[in-house]
A.B. asks: 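Can you read through this structure? Questions will come right after.
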Amino acid sequence: MQLLSVTKRFNFSASHRLFNRDLSPEENCLLFDACSKQHGHNFNLEVTVMGPVDPVSGMVINFHDLKRIVNDSVVNYLDHSNFETDIPELSNVVHTAENLIQFIWKRIAADIAAPVKLSRLKLYETADNWVEMA
Ligand code: NI
């Protein structure tokens, strides 16, 4: 059966600093430079799911359902948060885009019902900097 991809873009704003508690303040400054200080981003998140086209609806997934799932599992949780103080699941990792996207993947993937699957995430920290997970 032919599988198609469907993508929707989301936005949220959050603050973080890149800081490893196992390192000294000086080592964090050397490793992360200005990013070791508290700062914020307007994140863009592209969520791609893949699946067969349902013959009744003509859809892989209803965009409205995808919006609700991602808003409930990720956007409403992270928007206007400080990762360090507000998101306990991120307390043991450095708040890089690489670690953040793995956390986001787990939350969305758990809420996408078969036969549709989460197939790709793109997380933009800025227009020029992003990470992908597939
Ligand atoms: Ni940053």
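Numbering of ligands and ligand atoms starts at 1, following listing order. Numbers here simply count residues along the sequence, with the first being 1. Computed from a predicted model, the values in this text were never measured in an experiment.
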A.B. asks: Same hydrophobic cluster for Val70 and Ile101, using side-chain heavy-atom links shorter than 4.5 Å among ILVMFWY?
C.D. replies: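 Same cluster.
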A.B. asks: Would you say Pro52 and Val60 make side-chain contact, with heavy atoms under 4.5 Å?
C.D. replies: no
A.B. asks: Aromatic rings His16 and Phe83: how do their planes relate, parallel, tilted or perpendicular, breaks at 30° and 60°?
C.D. replies: perpendicular
A.B. asks: For the Ni ion (ligand 1), does an N/O/S atom of Cys35 lie at less than 2.8 Å?
C.D. replies: no
A.B. asks: Could you tell me whether Arg107 and Glu89 make a salt bridge, using a distance below 4.0 angstrom between a side-chain N and a carboxylate O?
C.D. replies: yes
A.B. asks: Kindly report the NE2-the Ni ion (ligand 1)-NE2 angle for His16 and His41 respectively, rounded to 10°.
C.D. replies: 100°
A.B. asks: Taking 2.8 Å as the cut-off, does His95 contribute an N, O or S atom near the Ni ion (ligand 1), distance below it?
C.D. replies: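 Of the N, O and S atoms in His95, none lies under 2.8 Å from the Ni ion (ligand 1), which means no.
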